[in-house]
Structure formats: structure tokens, C-alpha cells
Amino acid sequence: MTDSPSDPVLPIVIVPLESGKEEPRRSEPPDLRHWQIEEFLRQTGKAENTQRTYREQLIRFAAWCDKSWLDVTPSDIGKYRRELKSKGLKATSINHVLNTLRSFYGWLRRSNGYPMN
């Protein structure tokens, strides 16, 4: 009798899908908020320039707030509005940011069942 099993176990080899270079491992899991932003943009089907603007505005807000989307309060939005105003943004630019947030939260509410806040 032989000591080797009849079905040998082959080693698992992980092959990167892109560029052939291994990416450094992150110490934290990816931010779910960024995935939600990308999903929002994918589902809205807006023009590329509009998507780029929405992405930049939402990522900037996410970096500023550092809360989950569900934990953001109207007070946080008001503070952010004041922050933008203090940086010298014009009223039309601030309104555009607020409209982007409103559109995004509308999508979150419809697609994920987030409560109206």
C-alpha cells in the first residue's frame, strides 16, 4: 500500500488579474461609501462629465464627514454647507453640491431602504 492519497491536493496559486504586479494589501477594508457612490453613478446613467462631478462632490463630502451615509444628519449637511461657504464657493456651486447630495440620498432611500432624514 502507498501512503499517498488517490486524489492529490494541488497547491492554490493566486494570479493577479491586472498588470501582473501585486497590489499592496490594505490595512482596512475598502470604504463601503465609495462602492455606494459608484453604484449610484452606474445606475443613474448620467453623462460622463456629470458622473465625474457627482463622484468628486460625494467623495469630498465623504472625506469631510467620515460617517456612514446612514449616520449623516441634517446638521452635518448644514455644517458642510457653511464649510463650503467659508472656503469662498459661490451660492450656485454650493447649491449644486447640495443637489448632488439630495439626489444621492434619494437613490439610497429608493434602492437600499435608507430612511428619510
Side-chain angles (χ1 to χ4, degrees):
M1 284 197 154
T2 55
D3 292 333
S4 63
S6 60
D7 293 325
V9 177
L10 300 175
I12 296 173
V13 178
I14 298 174
V15 180
L17 296 177
E18 297 181 19
S19 77
K21 297 179 183 176
E22 285 191 40
E23 294 183 24
R25 292 187 181 247
R26 296 180 180 190
S27 58
E28 304 174 0
D31 191 344
L32 177 63
R33 295 176 303 162
H34 294 291
W35 177 86
Q36 289 168 316
I37 291 170
E38 293 305 317
E39 187 63 18
F40 162 68
L41 296 173
R42 187 185 69 77
Q43 288 185 17
T44 57
K46 302 274 186 196
E48 189 61 37
N49 285 341
T50 304
Q51 287 188 27
R52 183 175 33 256
T53 301
Y54 278 25
R55 181 179 294 110
E56 289 168 1
Q57 291 172 344
L58 291 168
I59 288 173
R60 237 180 264 128
F61 177 77
W64 177 85
C65 189
D66 199 31
K67 290 183 178 180
S68 77
W69 296 120
L70 188 57
D71 293 335
V72 173
T73 64
S75 176
D76 293 323
I77 303 289
K79 289 174 188 173
Y80 188 60
R81 182 184 163 279
R82 285 189 293 280
E83 171 87 12
L84 295 175
K85 192 173 183 179
S86 73
K87 289 185 175 184
L89 264 69
K90 294 181 181 179
T92 54
S93 297
I94 293 170
N95 285 337
H96 194 271
V97 170
L98 296 177
N99 286 332
T100 299
L101 287 168
R102 185 177 296 115
S103 177
F104 179 70
Y105 270 97
W107 172 81
L108 279 175
R109 195 173 51 254
R110 286 186 309 275
S111 64
N112 297 316
Y114 277 44
M116 179 69 163
N117 195 358

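Keep in mind it's a predicted model, so treat the numbers as computed, not measured.
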From [atom1] ([X]) to [atom2] ([Y]), nearest 0.5 Å:
{"X": "Ser86", "Y": "Lys79", "atom1": "OG", "atom2": "NZ", "result": "14.0 Å"}
{"X": "Leu84", "Y": "Gln57", "atom1": "CG", "atom2": "CD", "result": "9.0 Å"}
{"X": "Leu108", "Y": "Phe40", "atom1": "CG", "atom2": "CZ", "result": "8.5 Å"}
{"X": "Phe61", "Y": "Asp76", "atom1": "CZ", "atom2": "CG", "result": "6.0 Å"}
{"X": "Thr53", "Y": "Lys46", "atom1": "OG1", "atom2": "NZ", "result": "11.5 Å"}

Determine yes or no for a side-chain-to-main-chain donor-acceptor pair under 3.5 angstrom, with [X] supplying the side chain and [Y] the backbone.
{"X": "Arg33", "Y": "Lys67", "value": "yes"}
{"X": "Ser103", "Y": "Thr100", "value": "no"}
{"X": "Arg42", "Y": "Glu38", "value": "no"}

What's the shortest heavy-atom distance between Leu41 and Gln51, and which atoms?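 Between these two residues, the closest heavy atoms are O-NE2, 3.6 Å.
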Closest non-hydrogen atom pair between Ile94 and Leu89, with its separation: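 Taking Ile94 first and Leu89 second, the nearest heavy atoms are CD1-O, 3.7 Å.
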For Trp69, which of Trp107, Trp35, Phe104 qualifies under ring-ring contact (aromatic ring centres under 6.0 Å, His included)? Phe104
Is the number of heavy atoms from other residues, nucleotides or ligands under 6.0 Å of Arg55 CZ greater than 12?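 Enclosed: over 12 neighbouring heavy atoms sit under 6.0 Å from CZ of Arg55.
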Any salt bridge linking Lys87 with Glu83? Criterion: basic side-chain nitrogen under 4.0 Å from a carboxylate oxygen. yes
State whether a side-chain donor-acceptor pair under 3.5 Å links Asn95 with Thr92. no
Relative to each other, are the rings of Tyr54 and His96 parallel, tilted or perpendicular (30° and 60° limits)?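 Tyr54 and His96: perpendicular rings.
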